[in-house]
**Student:** 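Dropping a structure here in structure tokens format, bear with me for questions.
In what follows, residues are counted from 1 in the order of the sequence shown. Every number for a ligand or one of its atoms is a count from 1 in the order of the listing. Source: prediction; values computed, not measured.
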Amino acid sequence: MEYEVVIGLETHIQLNTQTKIFCSCKADSWNETPNTNICPVCTGMPGVLPVLNKAVVEKGVLLAAAMHSEIPPVSYFDRKNYFYPDLPKGFQISQFDCSLAKGGYLDVLMPAVGQATAYVRRVGIHKLHLEEDAGKTKNAPATFVGQARRLIDFNRCGVPLVEMVTEPDLRSAAEAAEYLTRLRQLLRWIGVSEADMEKAHLRCDANVSIRPVGAEYLNTKTEIKNVNSIEAVRTAIEKEVERQKKEYDAGRKILSWTLEWDEDAQTLKKMRSKETEADYRYFREPDLLPVYMSEAWKTEILADFPELPLERKARFLSVFGLPEYDADILTTERALSDYFENAVRAYDGDPKRVSNWLLNDVLRLLNENGLTLTGLKLTPVYLAEIIRLVDAGTINTNTGKTLLEKVNSSGHSPRQIVENEGLAKVSDDSAIRAAAQAILTENAAETESYKSGKATLMGWFVGQVMRRMGGKADAQKARAILEELLN
Ligand code: ADP
Ligand code: MG
Ligand code: ZN
């Protein structure tokens, strides 16, 4: 039997606001001492009232717009009631039937692999709503007391989340991984979340089923929890698909289990059989007002809405004529694509040349020095200036590369540094000839073996001349002169 894989993802996205969703506690307290970032509101003390953080709504609207969702003029908060120690109020404030956004989709570009050509998978958005996070529980260390106990950390209570659930539109583990990669890129691009899976800013549960190829119906799914990286999502889904195939092939049924991914063992463990859907007794949150999203407010929020990664990539391909590979890397991050565009504008020449310098040399400079593009002293204008100095033959390529570092540490303009340090390329024949002659004289043995046929030594001679002249010689000229002297 040939099977088709069906996947839907449920994601929780932590919005990067300063404060929590209903109180003024700091929103992000990753790795902070437990229960130091809490107040009566987020710990659900009797008599307190929540106040909605405006920035949460605004970031939610930005995300909804990026997902092409419809944003209704009014939405409500609801109470989702359940009893668990990390939920001090006994309910979670969430949105149920009238949420911030409806529908929408994310287009995921699947790259060409081997024989398969590239294609776009459109992933529908089933649900997109705002809610507060709950706290965290963990087992107490053995030193605490003899008995098994649980510890509770409320720091995360009230952290603003968007819950976003896809339609079961994904067709492979690779598509699910690519969806998450693109979602993470998009979240950072529009500035609503740090989207770091390791820090739980982006969490994901994967729902997986398989069905015979060509079938329209949905088979029973299982739900995979505790996948904390994109790689884990991919591997866990692949393993689950294999398991389901074996079950069906053996004539057995798939039961709607909840599975937990064990990262250390790289295996899935059954957490529980799906109990009947909990009755959350949703009802409107009486302590919060409806959220009225006027056209004016929406316009204000979306005033600076950026061109999205896929659109920008398409423009880099069509307007700048870049190869797919370059356009893809240049649009992984908004800061990088902005930097590139500014450098192209300043350079006013072949964009591919700017792309080469940026992707090879500037990114290496960043990596080696642990820098980011923001606040870099090597501005896009300076990068363009360096490339033009090389184009004009004022400096050679190697000097250009060392200039990147010099400009960045000093903040001076490339032109100024070339002037101050006398880095301009030496094309003066007599200076190069003198250096070449000296090298040949000092290295009589090498000169002999070159003459007796070891032609590969030429590169070494050129290198020696360059070194003697502080890297400033015109390398082609040096080679020509060496050849002339040796032959
Ligand atoms: P539940 O009520 O079990 O939580 P939902 O309808 O809320 O199920 O869907 C949860 C997620 O599971 C969604 O992302 C949805 O796309 C996905 N999903 C639903 N049915 C299937 C299926 N048969 N196979 C794979 N994924 C599915
Ligand atoms: Mg559900
Ligand atoms: Zn608080």
**Student:** For ligand 1 and Ile7, I'd like to know whether there is a polar contact (N/O to N/O, distance under 3.5 Å).
**Tutor:** no
**Student:** Between Glu167 and ligand 1, which part of the residue brings a heavy atom under 4.0 Å of the ligand: side chain, backbone, both or neither?
**Tutor:** backbone
**Student:** Rounded to the nearest 0.5 Å, what separation is found between the CG atom of Asn35 and the CD1 atom of Ile152?
**Tutor:** 8.5 Å
**Student:** Are any of the side-chain nitrogens in Arg281 or Asp78 under 4.0 Å away from the carboxylate oxygens of its partner?
**Tutor:** no
**Student:** So, is the end of the Lys80 side chain (NZ or CZ) under 6.0 Å from the ring centre of Tyr280 and within 45° of the ring's axis?
**Tutor:** yes
**Student:** Considering only heavy atoms, which of Lys221, His126, Lys127, Arg211 lies nearest to atom 21 (C) of ligand 1?
**Tutor:** Lys221
**Student:** If I apply the N/O under 3.5 Å rule, does Glu10 come out as touching ligand 1?
**Tutor:** no
**Student:** Under 4.0 Å from any heavy atom of Val6, which atoms of ligand 1 are there?
**Tutor:** 24 (N), 25 (C)
**Student:** Within a distance under 4.0 Å of any heavy atom of Pro168, pick out the atoms of ligand 1 and give their elements.
**Tutor:** 16 (O), 26 (N), 27 (C)
**Student:** Ignoring hydrogens and angles, tell me if any N or O in the side chain of Ser69 forms a donor-acceptor pair with the backbone of Gly103 under 3.5 Å.
**Tutor:** yes
**Student:** Is the closest basic N to carboxylate O distance between Lys253 and Glu247 below 4.0 Å?
**Tutor:** no
**Student:** Measure Thr220 to ligand 1 on non-hydrogen atoms and call it side chain, backbone, both or neither using the 4.0 Å cut-off.
**Tutor:** neither
**Student:** Could you check, using the six-membered ring where one of them is a Trp, whether Phe283 and Phe91 have ring centers closer than 6.0 angstrom?
**Tutor:** no
**Student:** Do you know which of Arg122, His68, Arg121 makes side chain to side chain donor-acceptor pair (under 3.5 Å) with Asp107?
**Tutor:** Arg122
**Student:** With 2.8 Å as the threshold, which protein atoms of type N, O or S lie near the Zn ion (ligand 3)? Leave waters out.
**Tutor:** Cys23 SG, Cys25 SG, Cys39 SG, Cys42 SG
**Student:** Are Phe340 and Phe320 an aromatic pair by the rule of ring centers under 6.0 Å?
**Tutor:** yes
**Student:** Please state which part of Leu9 comes within less than 4.0 Å of ligand 1, counting heavy atoms only: side chain, backbone, both or neither.
**Tutor:** backbone
**Student:** As a check for students: among Thr258, Leu170, Thr166, Thr222, identify the option with a heavy atom nearest to atom 15 (C) of ligand 1.
**Tutor:** Thr166
**Student:** I'd like to know if the side chain of Asn228 reaches the main chain of Glu198, judged simply by a donor and an acceptor atom lying under 3.5 Å from each other, with no hydrogens or angles considered.
**Tutor:** no
**Student:** What atoms of ligand 1 come closer than 4.0 angstrom to any heavy atom of Val165?
**Tutor:** 13 (C), 14 (O)
**Student:** Counting each atom of ligand 1 from 1 as listed, which ones have a heavy atom of Gly8 under 4.0 Å away?
**Tutor:** 14 (O), 16 (O), 17 (C), 26 (N)
**Student:** Salt bridge check, Asp287 against Arg79: does any charged N sit closer than 4.0 Å to a carboxylate O?
**Tutor:** yes
**Student:** What orientation do Phe77 and Phe22 show, parallel under 30°, tilted 30 to 60°, or perpendicular over 60°?
**Tutor:** perpendicular
